[in-house]
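Here is the structure we will look at, set down as structure tokens.
Quantities reported herein were computed from a predicted structural model and do not represent experimental measurements.
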Amino acid sequence: MRIRYSLTLTAATLALATVVAACGGSGTKAGGGSAVKGTPERGGTVTVAEESGASPNDIFPLQPATNENGYNVNLTEGEWPTLVSIGVGANSVINPKESLYSSLTWSDNDSVITIGLKSWKWSDGAPITSRDFSFVYNLLRANYNDWIDYSPGLFPADVTKVETPNPHTVVIHLNRSYNPDFYVDDVLYYVPLLPQHAWDKTSLTGAAGNADETTAGAKAVWNFLQKQGADMATFATSPLWKVVDGPWKLSQFQSDGYYSWVPNTSYSGAAKPVLSKVIFTPFTTDAAEMDTLRSGTTLTVAPLPLNDVGQIGELKSEGYSVASVPTPGVAEIVPNLWNAQAGPLLKQLYVRQALEYMINRPQIESAVFHGYADPGNGAVPTTYGQQWASPLEKSGGPYPYSVSKAEAVLKANGWKVVPGGTDTCQRPGTAAGDCGAGVTAGEKLQFQLLYASGSADYDQMNAAIQTSEAQGGIHLTLKAEPFNTLVATTSTCDAQSHPASTCNNWQLQQFGYQPYPVDPSGSGIFNTNAVSNYGGYSSPQMDQLINQTEYGSSSSAFFAYEDYAAQQLPWLWLPNQSSVFVYKSNLAGFAPASPFDFTLNPEVWYYVKSAS
């Protein structure tokens with residue numbers, strides 16, 4: 001999931017804080033929400049507002065690496081859940097009742113996993129079997145470099161053999177020992193089961209077979225399913241997508257992001273839907289959503305724009321309750337180290353340090369997000385999973401807001417600093433105190449910041465960043481685009497592939513935030529050539545530190561990775577706003593919820609009659 005928005009600000013940063021506070025008002029701050037009491041009612045429709053830009057565009061659960069739209073998982077998770085379900089009430093822990101396995105054991109020095117599958121069924125009545133797992137494995141083994149959730153060296157590349165001794169047992173042999181908690185929480189968490197009996201084919205009219213059992217066949221099946229998965233016109237009608245194992249089936253989909261779910265009446269899990277229908281409806285702006293909310297009639301659940309937190313009291317009087325949870329991920333600005341113009345500048349650590357020093361994160365957290373945000377001190381959030389936050393991050397991170405420190409690091413590396421203007425390189429070269437490789441004499445310290453449109457909160461944040469960077473002579477130009485346009489016209493850029501057609505389109509880019517699994521390691525994000533390593537950062541030391549978090553379970557290893565990432569700035573760190581939602585006060589099951597299933601588990605929601 002990633003999104004956001006743009007606004008030009010000419011006043012000082014302090015003025016922004018005053019204006020935003022005045023616009024937001026001083027309403028009651030939301031907590032985590034509390035359980036709704038009353039007599040349960042069966043049936044009913046819930047309508048959920050989707051934040052601006054939240055439009056899925058792919059339905060195949062194994063999303064291709066070329067599609068960076070994080071909203072697709074919102075569409076598919078309720079239909080094809082992964083092996084591991086996370087979230088029990090407000091707790092971010094494995095949910096054994098809703099996970100697809102009945103047992104999971106490790107052996108041979110934590111290099112062999114034996115998975116017992118539950119005796120569940122697909123929506124067409126066929127049993128879920130170990131063949132469905134081997135189908136997924138075969139597809140990924142032949143195509144893992146085209147899978148958005150592939151982390152270098154991990155599943156399926158680290159698998160030496162998969163055995164299926166009976167219909168309900170899978171044995172995975174790995175090429176080394178792993179930290180079991182990491183592997184379950186961060187690897188198997190991304191692996192779904194898919195219906196081999198219905199999807200192992202290369203045409204809509206052909207019969208399913210065993211094409212996946214050869215590399216060529218697996219590639220052909222993959223290409224067919226990827227093509228069908230991108231055909232938005234057939235999301236709700238294709239017979240492929242009618243076969244699900246989750247609690248929901250797709251009943252309607254529109255290209256603007258509007259879609260609806262109805263219960264999968266054959267769902268085998270414990271949390272069977274009580275509602276008759278769930279509708280997800282998009283809004284193009286925060287203002288349009290708030291106008292609908294104030295009418296108090298058509299929306300059941302909606303994200304609350306943080307510049308409207310002052311309206312909480314009014315919304316409660318309209319029959320809504322309010323809940324918030326921290327967002328499991330890290331917010332960022334991604335520097336493109338392979339952009340032809342800006343890349344040589346952004347490869348200099350001191351340039352990234354200067355940029356980070358001049359991001360006033362505390363001001364953004366308080367004035368733009370009204371306190372509903374992780375402070376953004378580094379690669380690991382501090383507002384959830386406290387056991388993962390290092391002492392360095394808890395103390396504010398290595399780059400607290402300081403214009404003077406930013407100016408000092410630039411001057412120490414050959415720059416003429418012009419506060420309020422644009423800095424220029426005075427000492428080109430690669431010696432100590434020079435501007436660095438590829439930076440020319442007189443070159444200006446200026447960049448374009450590209451981000452997704454649609455959110456007033458992110459308009460204000462980026463305007464604040466633009467203003468604060470200007471204090472040290474770094475000139476930022478803001479450009480906002482619709483989210484789907486942004487991800488379609490940019491791409492991951494690295495040493496192996498940085499085509500001018502896409503990599504020269506962006507210098508600094510802000511998707512919104514990078515989602516994390518339960519264990520917030522940098523696997524798949526900051527490794528060399530990782531799918532989500534959009535800006536092409538590469539460091540053998542970073543690779544080694546990430547590997548150590550995968551193989552062992554010591555907090556010292558995790559903190560070593562975390563602190564190195566915070567200091568090296570593969571991305572620029574930003575406050576990550578929490579999710580604040582309003583929901584009808586007679587809707588039970590919505591809150592409290594964990595950060596990993598907030599709004600994604602309507603199978604546990606139901607209306608109640610008011611207690612008389």
Side-chain angles (χ1 to χ4, degrees), residues 13 326 329-335 337 345-366 369 373-413 415 417 432-433 436 445 447 461 464-465 468-469 471-474 476 508 510 513-514 516 520-523 525-527 533 535 537-546 548-549 554-576:
T13 304
V330 61
E332 81 292 330
I333 292 174
V334 182
L337 307 187
L345 287 170
L346 294 171
K347 286 179 181 178
Q348 311 301 324
L349 176 59
Y350 74 83
V351 171
R352 303 197 301 275
Q353 289 173 329
L355 284 163
E356 186 67 45
Y357 271 130
M358 288 194 290
I359 297 174
N360 191 342
R361 298 191 307 273
Q363 181 266 327
I364 292 170
E365 180 186 359
S366 62
F369 296 140
D374 181 87
N377 296 334
V380 174
T382 61
T383 50
Y384 85 95
Q386 282 285 315
Q387 72 272 27
W388 302 113
S390 71
L392 175 64
E393 285 217 28
K394 288 181 179 179
S395 65
Y399 303 109
Y401 174 63
S402 174
V403 175
S404 61
K405 289 182 177 180
E407 292 179 344
V409 76
L410 290 172
K411 290 176 181 178
N413 286 277
W415 287 82
V417 174
L445 207 52
F447 307 100
M461 178 174 71
I465 293 171
S468 61
E469 295 290 348
Q471 294 177 34
I474 298 180
L476 294 185
L508 298 171
Q510 184 191 114
Y513 79 96
Q514 173 66 39
Y516 273 151
S521 81
S523 181
I525 305 172
F526 303 127
N527 322 65
N533 189 349
Y537 174 84
S538 179
S539 162
Q541 186 172 350
M542 180 77 82
D543 295 343
Q544 181 181 8
L545 290 170
I546 290 173
Q548 289 171 356
T549 69
S554 72
S555 59
S556 60
F558 196 93
F559 291 167
Y561 146 71
E562 178 181 351
D563 291 350
Y564 185 77
Q567 293 159 357
Q568 292 297 305
L569 298 168
W571 293 349
L572 305 179
W573 314 121
L574 300 176
N576 192 18

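- The heavy-atom pair separating P381 from A389 by the smallest distance is O-CB, 4.2 Å.
- The OH atom of Y357 lies 11.0 Å from the CG atom of L410; values are rounded to the nearest 0.5 Å.
- Separating the CG atom in L574 from the CD1 atom in I465 is a distance of 5.0 Å, to the nearest 0.5 Å.
- Closest approach of G378 and V330 over heavy atoms only: O-CG2, 3.5 Å.
- When every heavy atom of A373 is checked against every heavy atom of E365, the shortest pair comes out as O-OE2, 3.3 Å.
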Working note: I359 + E469, criterion side-chain contact (heavy atoms from CB on, under 4.5 Å); need CA distance, chi angles, decisive distance, verdict.
CA-CA 7 Å; I359 297 174; E469 295 290 348; 3.5 Å; yes

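- Q510 is listed as a side-chain neighbour of M461, based on a closest heavy-atom distance under 4.5 Å.
- Using cut-offs of 30° and 60° on the angle between ring planes, the pair W571 and F526 is perpendicular.
- In this structure, L572 CG and L355 CG are separated by 5.5 Å, a value rounded to the nearest 0.5 Å.
- Across all their heavy atoms, N527 and G522 have their closest contact at OD1-O, 3.2 Å.
- The backbone N or O of G329 lies less than 3.5 Å from a partner atom in the side chain of N576, making a donor-acceptor pair.
- Here the side chains of N377 and P400 are not in contact, with every heavy-atom distance at 4.5 Å or above.
- Put simply, the side chain of P570 does not reach to within 4.5 Å of the side chain of Y564, judged on heavy atoms.
- Note that NZ of K405 is 12.5 Å distant from CD of E356, once rounded to the nearest 0.5 Å.
- Remark: side-chain polar atoms of Q348 are not paired, donor with acceptor, to backbone N or O of G436 under 3.5 angstrom.
- Using a distance-only test at 3.5 Å, with no hydrogens or angles considered, a donor-acceptor pair links the side chain of E393 to the main chain of V380.
- With rounding to the nearest 0.5 Å, the separation of CG in L445 from CG in L476 is 9.0 Å.
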Apply side-chain contact (heavy atoms from CB on, under 4.5 Å) to F447 and I333, showing your working.
CA-CA 12 Å; F447 307 100; I333 292 174; over 6 Å; no

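- Residues satisfying the ring pair (Phe, Tyr, Trp, His ring centres under 6.0 Å) test with Y516, not counting sequence neighbours, are none.
- Between the side chain of D374 and the main chain of T382, a donor-acceptor pair closer than 3.5 Å is present.
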Where do I525 and I546 land on the side-chain contact (heavy atoms from CB on, under 4.5 Å) test, with the steps shown first?
CA-CA 10 Å; I525 305 172; I546 290 173; over 6 Å; no

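- Applying the side-chain hydrogen bond (donor to acceptor under 3.5 Å, both in side chains) criterion to N533, with sequence neighbours excluded, gives no partner residue.
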Might you work through the side-chain contact (heavy atoms from CB on, under 4.5 Å) test for E407 and W415, ending with a clear yes or no?
CA-CA 9 Å; E407 292 179 344; W415 287 82; over 6 Å; no

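- We find the OH-CD distance between Y401 and Q363 to be 8.0 Å, quoted to the nearest 0.5 Å.
- The main-chain N or O of G396 is found under 3.5 Å from a side-chain atom of R361 such that the two form a donor-acceptor pair.
- S555 meets the side chain to side chain contact (heavy atoms under 4.5 Å, CB included) test with F559; sequence neighbours excluded.
- Within the 4.5 Å cutoff, no side-chain heavy atoms of N413 are placed close to those of V351.
- Here the closest non-hydrogen pair linking P375 and T383 is CD-CG2, 4.2 Å.
- In this structure, the side chain of Y561 does not engage the main chain of T549 through any donor-acceptor pair within 3.5 Å.
- Judged purely by distance below 3.5 Å, without hydrogens or angles, the side chains of S468 and N360 never pair a donor atom with an acceptor atom.
- Y537 has its side chain within reach of R352: a pair of non-hydrogen atoms, C-beta onward, lies under 4.5 Å apart.
- Heavy-atom minimum distance, A379 versus A565: CB-CB, 3.8 Å.
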